[in-house]
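Data first, discussion second: the structure below is written as structure tokens.
The model shown is predicted, which means the values in this text are computed figures rather than measured ones.
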Amino acid sequence: METWLNQSSSTDGFILLGIFSHSPTDLVLFSIVMVVFTVALCGNVLLIFLIYIDPRLHTPMYFFLSQLSLMDLMLICNIVPKMAANFLSGRKSVSFVGCGIQIGFFVSLVGSEGLLLGLMAYDRYVAISRPLHYPILMNQRVCVQIAGSSWAFGIIDGLIQMVVVMTFPYCGLREVNHFFCETLSLLKLACVDTSLFEKVIFTCCVFMLLLPFSIIVASYARILGTVLRMHSVQAHKKALATCSSHLTAVSLFYGAAMFIYLRPRCYRAPGHDKVVSVFYMVLTPMLNPLIYSLRNREVMGALRKGLYRCRIGSQH
């Protein structure tokens, strides 16, 4: 903490170079990002609210969905408002402590979401392959433990990275070639050799991404085998519809995260990383509630019920 105070008192912090200029094309792109951000914000808040108020959605799958939406909500609120404020004001600065906090939240939320998506695949496997044992295997205590472990591992990873990154000495212009305080972009500005810590980060990324991804592949391999053995066409379609929603969300999240963090260093380009970061930090949180709600009868039913209550209340 003393190191943080010393560094923050000796400098104004960092300069975020951002992703958009003030050209007409970039102004349009910025407007699109803000529309996507607004939809993501409203969609995730609405999904959490529906799951909370409708007793029919008080099941393990929707409990995990509410946690996923909460993570997405916190992720976009951690990044986009600061990016928008810097772009509109033209200041581009971020304080030293503010940068550290942004890193901590970002790493924690991305790590937690990656683990949660992997454990959600296990939930789908139990629901489809072992339906009679589902109430026992996925009881309330187990669900809380699954969600809690996802949050815990992510937060521990975030705190470690935040503390280590912000204790490195930084020099020069302190210009971060990104639109937020991203760990790898920040380490390029350090005055000391950070190669060992970068290897540790890579190892953490392998664990936080490949382990849950392996759980997903194994779970869906078993699910596919169960679905192919189903004699009921109705059950067959329902199982595929449920799983396809989860697989879509998984593909978007893991595809972008692996592209950024599991590529060899020689193939990394700041421009590519910034574009892909926008994709999985803004677009994916918008698509998640749409994927899970528009293709889900229970959620749509809860939404219609809520709108009906609002209409009746307004008439009285």
Just by modelled atom types, is the [Y] backbone N or O under 3.5 Å from a matching donor or acceptor in the [X] side chain?
X    : Y    : value
H178 : L17  : no
N139 : I136 : yes
S149 : I146 : yes
Y254 : G114 : yes
E175 : I15  : no
K274 : G18  : yes
T194 : F197 : no
S112 : S150 : yes
T167 : V164 : yes
N44  : L73  : no

Steps toward side-chain contact (heavy atoms from CB on, under 4.5 Å) verdict (F30, L27): CA-CA 5 Å; F30 173 76; L27 285 172; 5.6 Å; no
In this structure, would [X] and [Y] fall into the same cluster of hydrophobic residues linked by side-chain contacts under 4.5 Å?
X    : Y    : value
V107 : L196 : no
M208 : L116 : no
L41  : L47  : yes
L211 : L117 : no
M74  : F153 : no

Over all heavy atoms of both residues, which pair between [X] and [Y] is shortest? Give the atoms and the distance, please.
X    : Y    : result
G104 : S108 : O-OG, 2.7 Å
S219 : A121 : CB-O, 3.6 Å
D26  : I19  : OD2-O, 4.3 Å
L109 : M71  : CD2-O, 4.1 Å

If you count heavy atoms of other groups shown closer than 6.0 angstrom to CZ of R56, is the number above 12?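 Counting other residues, nucleotides and ligands, CZ of R56 exceeds 12 neighbours.
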Does H133 have more than 12 heavy atoms from other residues, nucleotides or ligands lying within 6.0 Å of its NE2? no
Can you find a pair of side-chain heavy atoms, one from [X] and one from [Y], that are under 4.5 Å apart?
X    : Y    : answer
M61  : R124 : yes
Y134 : D123 : yes
M120 : L65  : yes
N288 : E113 : yes

Full working for ring-ring contact (aromatic ring centres under 6.0 Å, His included) between F202 and Y261: CA-CA 7 Å; F202 180 81; Y261 294 106; 10.0 Å; no
Would R222 count as a cation-pi partner of Y125, with NZ or CZ less than 6.0 Å from the six-membered ring centre and within 45° of the ring normal?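 No, R222 does not lie over the aromatic ring of Y125.
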Interatomic distance, [X] atom [atom1] to [Y] atom [atom2] [nearest 0.5 angstrom]:
X    : Y    : atom1 : atom2 : value
F168 : D193 : CZ    : CG    : 8.5 Å
S69  : F49  : OG    : CZ    : 14.0 Å
I103 : Q161 : CD1   : CD    : 8.0 Å
L16  : F180 : CG    : CZ    : 9.5 Å
M83  : M34  : CE    : CE    : 6.0 Å
M286 : C42  : CE    : SG    : 12.0 Å

Kindly indicate, with the supporting measurements, whether the criterion side-chain contact (heavy atoms from CB on, under 4.5 Å) is fulfilled by T38 and V35. CA-CA 5 Å; T38 304; V35 169; 5.7 Å; no
Can T183 and M162 be said to form a side-chain contact (heavy atoms from CB on, under 4.5 Å), step by step? CA-CA 8 Å; T183 301; M162 177 182 69; over 6 Å; no
Step-by-step side-chain contact (heavy atoms from CB on, under 4.5 Å) determination, L70 to W151: CA-CA 11 Å; L70 181 59; W151 281 102; 3.9 Å; yes
Does a side chain donor of either S23 or S21 reach within less than 3.5 Å of an acceptor in the other side chain?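 There is such a pair (donor and acceptor under 3.5 Å, judged by atom type) between the side chains of S23 and S21.
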Y62 and D54: side-chain hydrogen bond (donor to acceptor under 3.5 Å, both in side chains), yes or no, with the steps? CA-CA 11 Å; Y62 293 111; D54 197 313; over 6 Å; no
Verify the ring-centre separation between F179 and F87: is it less than 6.0 angstrom? no
